[in-house]
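No experiment lies behind these values; they were computed from the predicted model shown. Note that the numbering runs from 1 along the sequence shown for the chain.
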Amino acid sequence: MTQENDGQTNMTLDDAFQLGIRLYQEGNKSDARQVFEQILNHAPDTVPVRQVLAVLDAEEGQYHQAMTHIEHALGLAPEDHSLWFDKAQMLTQQGITKPHWKLSSHYLPRPPPIKTFLIYVSS
């Protein structure tokens, strides 16, 4: 839902998130980043936003910042397997493979259901 306010449009956080996702999917990552960072300014503990920003940072080779977002998100949602998967991917992208396997075996003693994984991968 959006509201008009003195000629400016106010969006809900969910609307803004969906806009950011659409911009990202269209390849407009710079504008998507701006949307997600604005959301973060209003709601710093939003796990999906932290996760998307981590992915954007990793794509740009900003692994330290990416890990900061992932660690913050993991502090809020330690049972979220997709966060652990992203963290392992980022470590692997940096060439850090041994901790990757430790993460996988320690925090994911059994793999997530294949349906969950397929939904995540197809997103």
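Residue pairs that meet the ring-ring contact (aromatic ring centres under 6.0 Å, His included) test with at least one member in residues 46-70, sequence neighbours left out, do not exist here. For the side chain to side chain donor-acceptor pair (under 3.5 Å) condition, the pairs that include at least one residue of residues 38-48, sequence neighbours left out, are Asp45-His72.
In this structure, CG in Asp14 is found 11.5 Å from CG in Leu19, a value given to the nearest 0.5 Å. Between Leu76 atom CG and Arg50 atom CZ the span is 8.0 Å, to the nearest 0.5 Å. Taking NZ of Lys87 as the reference point, atom CE of Met90 lies at 10.0 Å (rounded to 0.5 Å).
Taking the side chain as every heavy atom from C-beta outward, Leu91 and Met67 approach each other to under 4.5 Å. The shortest distance between side-chain heavy atoms of Asp15 and Gln18 does not fall below 4.5 Å. In this structure, Ile70 and Leu83 have side chains that are in contact, with non-hydrogen atoms separated by less than 4.5 Å.
The two atoms that bring Ala58 and Ala66 nearest to each other are N-CB, 3.8 Å, heavy atoms only. Contact record, Ala77 with Val47: CB-CG2, 4.2 Å, taken as the closest heavy-atom pair. In terms of heavy atoms, Leu13 sits closest to Ala43 at CD1-CB, 3.8 Å.
Residues passing the salt bridge (charged side-chain N to carboxylate O under 4.0 Å, His left out) test with Glu79, sequence neighbours excluded: none. Partners of Tyr24 according to the side chain to side chain contact (heavy atoms under 4.5 Å, CB included) rule, which considers only residues two or more places apart in sequence or in another chain, are Lys29, Ala32, Val55, Leu56, Glu59. The ring-ring contact (aromatic ring centres under 6.0 Å, His included) search around Phe17 returns Phe36, not counting sequence neighbours. Residues passing the side-chain hydrogen bond (donor to acceptor under 3.5 Å, both in side chains) test with Glu60 are Arg33, sequence neighbours excluded.
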